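Take a look at the structure below.
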Amino acid sequence: MTTIATWNVNSLRTRLEHLKKWANERDPDIILLQELKCQEEHFPREAIEDLGYNVAILGQKSYNGVAILSKSPVEDIVYGLPTFQEDEQARYIEAFVDGVRVASVYVPNGQEVGSDKFAYKMKFLKALRKHGEDLLVQNEPLVIAGDYNIAPFVSDGHSPERFKGERILCSLQERETMRSLYNTGFIDGFRLKYPDTLPESQGQFSWWDYRSGSYQNNKGYRIDHLLLSPKAADLLQDAGIDPETRSEQRPSDHAPVWIKLSNG
DNA sequence: ATGGTAGCAAAGCTA
């Protein structure tokens, strides 16, 4: 069994102890991190290696930054989206591990519908879809996971009202783009295990704003996703979210999301 | 409710 987890840590150096504690409990084979907020030279490599992980890092000063941590050797690393090579932000890293191609992606937040940053978000997602199509042709187990900054459906947020307007994370344009990834052939690992018609799937979110007691009131969104190729989806055994990490002192605003795949 | 909180880095930007 292979456990693959994704976590936007919102500064790896600030969240190192959180990562250690959670990794020891969840014991994932592969961890896909976003928002490292550091350059590779400041990445706490020794601490991560002491946890038992090999690392592949695409760092950036202050913002963004993604990494792949893996107990097995990391092979064939791809730095940045091949379909968006002019992108100056560190938002995508991909590698081959344990017979699975995995990628850690940090989709731009977009700030506000119609803004320059929103246009950048759409451009990034279009490039991600194109690269995803290129990878799906291989017809192999593939997991593209990370912070997509999109709540795909009303059930992925605490308030249906938020999905009626043009609010970031919930706008029709963003959700249509998310659906286009599904239409390409990608399958949401969490939703395979927890269809939104299931009572226990309600209120399972991966991100809560730091402001206004959002976590205490579970006013969250499910914006962190593991998208699986059909071959990976065939191997799915389990999926879940670890929201209790959000209860720690000085937590990340995101919780880890994970899947378990049987080994071929 | 255009404020509320957090991280980086040293004022404002990003989220």
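In this text the structure is predicted, and so the values were computed from the model without any measurement.
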Report the residue (A:Q89 or A:S212) whose heavy-atom-nearest nucleotide on DNA chain B is the more 5′ of the two. A:S212
By nearest-nucleotide position on DNA chain B, the 5'-leaning member of A:N64 and A:L12 is A:L12
Spacing of [X] atom [atom1] relative to [N] atom [atom2], expressed in whole Å:
{"X": "A:D209", "N": "B:dG7", "atom1": "CG", "atom2": "P", "answer": "13 Å"}
{"X": "A:D147", "N": "B:dT14", "atom1": "CG", "atom2": "C1'", "answer": "13 Å"}
{"X": "A:D253", "N": "B:dA15", "atom1": "CG", "atom2": "P", "answer": "12 Å"}
{"X": "A:E112", "N": "B:dC13", "atom1": "CD", "atom2": "P", "answer": "15 Å"}
{"X": "A:N217", "N": "B:dG4", "atom1": "CG", "atom2": "P", "answer": "17 Å"}
{"X": "A:Y120", "N": "B:dT14", "atom1": "OH", "atom2": "P", "answer": "11 Å"}
{"X": "A:R167", "N": "B:dA1", "atom1": "CZ", "atom2": "C1'", "answer": "10 Å"}
{"X": "A:L36", "N": "B:dA6", "atom1": "CG", "atom2": "P", "answer": "21 Å"}

Can you check the distance between [N] and [M], where both ends of the measurement are the [atom1] atom (answer in whole Å)?
{"N": "B:dA11", "M": "B:dA6", "atom1": "C1'", "value": "16 Å"}
{"N": "B:dA10", "M": "B:dT5", "atom1": "P", "value": "24 Å"}
{"N": "B:dT2", "M": "B:dG7", "atom1": "P", "value": "25 Å"}
{"N": "B:dT14", "M": "B:dA9", "atom1": "P", "value": "14 Å"}
{"N": "B:dG4", "M": "B:dA15", "atom1": "C1'", "value": "13 Å"}

Relative to each other, are the rings of A:H158 and A:Y221 parallel, tilted or perpendicular (30° and 60° limits)? perpendicular
Report yes if a side-chain nitrogen or oxygen of [X] is closer than 4.0 Å to either non-bridging phosphate oxygen (OP1 or OP2) of [N]; otherwise report no.
{"X": "A:R250", "N": "B:dG7", "answer": "yes"}
{"X": "A:K61", "N": "B:dC8", "answer": "no"}
{"X": "A:S11", "N": "B:dC8", "answer": "yes"}
{"X": "A:T14", "N": "B:dC8", "answer": "yes"}
{"X": "A:R15", "N": "B:dG7", "answer": "yes"}

Please lay out, stage by stage, how A:S104 and A:Q34 fare under the test side-chain contact (heavy atoms from CB on, under 4.5 Å). CA-CA 7 Å; A:S104 177; A:Q34 301 89 39; 3.1 Å; yes
For A:N10 and A:K37, test the side chains for any donor-to-acceptor distance below 3.5 angstrom and give the result as yes or no. yes
Please work out if A:R91 contacts a base, only the sugar-phosphate, or nothing of the nucleic acid, heavy-atom cut-off 4.0 Å.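 Counting heavy atoms under 4.0 Å across all strands, the contact made by A:R91 is with sugar-phosphate only.
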Base, sugar-phosphate or nothing for A:Y106? Non-hydrogen atoms, less than 4.0 Å.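 Result for A:Y106 = sugar-phosphate.
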Using a distance-only criterion (donor-acceptor N/O pair, under 3.5 Å, no hydrogens), is the base of B:dC8 paired with the side chain of A:Y63?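 Looking at the base of B:dC8, it does not pair with any donor or acceptor on the side chain of A:Y63 (distance under 3.5 Å).
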Count the heavy atoms belonging to other residues, nucleotides or ligands that lie under 6.0 Å from CD of A:E88, then report whether that count exceeds 12.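 No, because the 6.0 Å sphere around CD of A:E88 holds 12 heavy atoms or fewer from other groups.
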Co-membership, hydrophobic cluster, residues A:V105 and A:M178, 4.5 Å side-chain: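 Yes, A:V105 connects to A:M178 through the hydrophobic network.
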Determine, step by step, whether A:D156 and A:R175 satisfy the salt bridge (charged side-chain N to carboxylate O under 4.0 Å, His left out) criterion, reporting the C-alpha distance in whole Å, the side-chain angles of both residues, the deciding distance to 0.1 Å, and the verdict. CA-CA 11 Å; A:D156 298 312; A:R175 291 186 288 115; over 6 Å; no
